[in-house]
Peer 1: 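Handing you a structure now.
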Amino acid sequence: MINFRYHVVSLTAVFLALAIGLVVGTAALNGPVADSLKETVNSLRKDNQQMRQSVNSLQKELDMEEDFAAEIAQIMLPGKLTGKRVMVLSLPTGREHTEGVLKMLQTAGATVTGRVDIQDKFVNPDNNTSLMELAVTAARPTAPASALPGNGNGVETSSALLASVLLDRPQGTPAVTEADRRAVLAAYVNAGYLTSEEKVTGPAEAVVVVSGQPYVDKDSAKKDESVVKIAEQFDRTGAIVVGGNGSAGGNLVAVVRGDPVLAQTISTVDNANTVQGQLVTSLALVQQLTEKRTGQYGVGDNATLVPRLPQ
């Protein structure tokens, strides 16, 4: 039978072993192992400092490049778009860099006829029927429903109607009256499909569509398709440049560049979220209006940095 003295001896032996282990372990750590650990920690600390310095340096370079582009814009752009009437159409994914694109157009001397912001509601597939019905009821005598697509696609039909009142009409077609233009825009604004940040003062001869990354929700495929429909309808009416963010993943820039037909009539800039890209967006529009040529610009595959403009 195990008695109390046995338990005392056993517990004493256990604690003695722990004490010896701590002493031996501490002695070992105070030797080569401790030195090795200190060396590793110091090395990691230096690497971390170098990486932080590298990040700070890259950020500074980026800021300087942005500043450089902003200063160059003041030299390159003034007068390039003087007398040209330009509409800015902002898509939901491109809202953050719309203001930068707009400022570059103004620096180039463009007459901005207005800024219209398309809302998410416009490209939501659940609203197709309502959008189709609105296009019919919003149409006016000088912007008739009979001239709209009849395929039952609400986004396409409404985009065609908006393009007809925001851009110049083809030669030989009666111009849209100011009253009809205001009525059509008011119908879409009141229904929550778009907002107008800058008052629309008249028709434009060209449009800059500001877009961004592709959608990622459950309806992403249909929404991305609707964005393309918008660009297609405005492309039918006037010169168009798409200023986007990236050129992959199925966003508007990627779709245009991958379509041999659209790429012939729509210019794209894949870094319009930067000052450099916003500058190039204006230059691409200059090329469209003066040379009737399109191009694909930015930092993506098979894109060039800037358009080559005539002297």
Side-chain angles (χ1 to χ4, degrees), residues 62-91 93-116 166-168 198 204-212 231 234-235 237-247 251-259 262-311:
L62 178 61
D63 293 341
M64 292 180 67
E65 287 178 2
E66 297 267 297
D67 293 341
F68 176 79
E71 292 185 18
I72 283 295
Q74 301 300 320
I75 299 172
M76 295 182 63
L77 289 182
K80 288 290 194 296
L81 289 171
T82 298
K84 303 299 183 182
R85 294 170 289 111
V86 183
M87 163 64 59
V88 176
L89 188 68
S90 169
L91 298 177
T93 56
R95 206 78 79 219
E96 292 182 357
H97 46 279
T98 299
E99 192 63 31
V101 171
L102 183 61
K103 287 181 179 178
M104 286 294 182
L105 292 171
Q106 293 170 334
T107 299
T111 299
V112 179
T113 60
R115 169 183 168 180
V116 172
L166 292 172
L167 299 180
D168 287 340
E198 300 285 341
E205 59 192 295
V207 59
V208 174
V209 178
V210 189
S211 66
F234 277 83
D235 180 40
T237 309
I240 177 174
V241 174
V242 172
N245 177 9
S247 58
N251 70 348
L252 182 55
V253 170
V255 172
V256 170
R257 291 181 178 181
D259 189 312
L262 293 178
Q264 293 298 314
T265 55
I266 300 178
S267 296
T268 62
V269 180
D270 61 45
N271 60 339
N273 57 309
T274 67
V275 177
Q276 297 95 318
Q278 291 156 10
L279 165 61
V280 173
T281 299
S282 287
L283 294 177
L285 187 59
V286 172
Q287 185 184 55
Q288 277 254 24
L289 293 174
T290 60
E291 299 183 66
K292 310 300 180 185
R293 290 200 301 118
T294 61
Q296 317 307 323
Y297 307 106
V299 296
D301 294 339
N302 301 318
T304 54
L305 288 175
V306 295
R308 291 187 177 182
L309 301 178
Q311 296 297 323

Peer 1: What's the separation between atom CD1 in Ile266 and atom CG in Asp259, rounded to the nearest 0.5 Å?
Peer 2: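 Between atom CD1 of Ile266 and atom CG of Asp259 there are 8.5 Å.
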Peer 1: For the pair Asn251 (side chain) and Gly246 (backbone), establish whether a donor and an acceptor sit closer than 3.5 Å, ignoring hydrogens and angles.
Peer 2: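 Side chain of Asn251 to backbone of Gly246: a pair is present.
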Peer 1: Give the intermediate values and the outcome of side-chain contact (heavy atoms from CB on, under 4.5 Å) for residues Thr98 and Arg115.
Peer 2: CA-CA 9 Å; Thr98 299; Arg115 169 183 168 180; 3.5 Å; yes
Peer 1: Under a 4.0 Å N-O cut-off, is there an ion pair linking Glu291 with Arg308?
Peer 2: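 A salt bridge is absent here (no side-chain N lies under 4.0 Å from a carboxylate O).
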Peer 1: At their closest point, which heavy atom of Gly212 faces which heavy atom of Thr93, and how far apart are they?
Peer 2: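 The answer is N-OG1, 3.0 Å.
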Peer 1: Give the minimum heavy-atom separation between Met87 and Leu167, together with the two atoms involved.
Peer 2: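 Smallest heavy-atom distance, with atoms named: CB-CD2, 4.5 Å.
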Peer 1: Asn271 side chain to Val299 main-chain N or O, any donor-acceptor pair under 3.5 Å?
Peer 2: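 Here the side-chain-to-backbone pair does not exist.
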Peer 1: Checking Glu71 now: which residues fulfil salt bridge (charged side-chain N to carboxylate O under 4.0 Å, His left out) with it, not counting sequence neighbours?
Peer 2: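 If we apply the salt bridge (charged side-chain N to carboxylate O under 4.0 Å, His left out) test to Glu71, skipping adjacent residues, there are no hits.
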Peer 1: Do any N or O atoms from the side chain of Glu205 and from the backbone of Ala239 form a donor-acceptor pair under 3.5 angstrom?
Peer 2: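 Looks like no, no N/O pair under 3.5 Å.
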Peer 1: Specify the closest pair of heavy atoms between Leu285 and Leu105, including all atoms of both residues, with the distance to one decimal.
Peer 2: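 Minimum heavy-atom contact is CD2-CD2, 3.9 Å.
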Peer 1: Could you walk me through whether Leu283 and Leu77 pass side-chain contact (heavy atoms from CB on, under 4.5 Å), step by step?
Peer 2: CA-CA 8 Å; Leu283 294 177; Leu77 289 182; 3.7 Å; yes
Peer 1: Determine, stepwise, if the pair Val112 / Gln106 fulfils side-chain contact (heavy atoms from CB on, under 4.5 Å).
Peer 2: CA-CA 7 Å; Val112 179; Gln106 293 170 334; 4.0 Å; yes
Peer 1: Mind listing the closest non-hydrogen atom pair of Val253 and Ser247 along with its distance?
Peer 2: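 Looking at all heavy atoms of both residues, the closest pair is CG1-CB, 3.9 Å.
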Peer 1: Donor-acceptor pair, distance only, cut-off 3.5 Å: does the side chain of Ser267 make one with the backbone of Gly295?
Peer 2: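 Yes: the side chain of Ser267 pairs with the backbone of Gly295.
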Peer 1: So which heavy atom on Ala110 is nearest to which on Val86, and how close?
Peer 2: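 For Ala110 versus Val86, the nearest heavy atoms are CB-CG2, 3.9 Å.
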Peer 1: What residues form a salt bridge (charged side-chain N to carboxylate O under 4.0 Å, His left out) with Asp168, not counting sequence neighbours?
Peer 2: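 For Asp168 the salt bridge (charged side-chain N to carboxylate O under 4.0 Å, His left out) partners, ignoring immediate neighbours, are Arg85.
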Peer 1: Mind listing the closest non-hydrogen atom pair of Val280 and Tyr297 along with its distance?
Peer 2: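 Minimum heavy-atom contact is CG1-CB, 3.7 Å.
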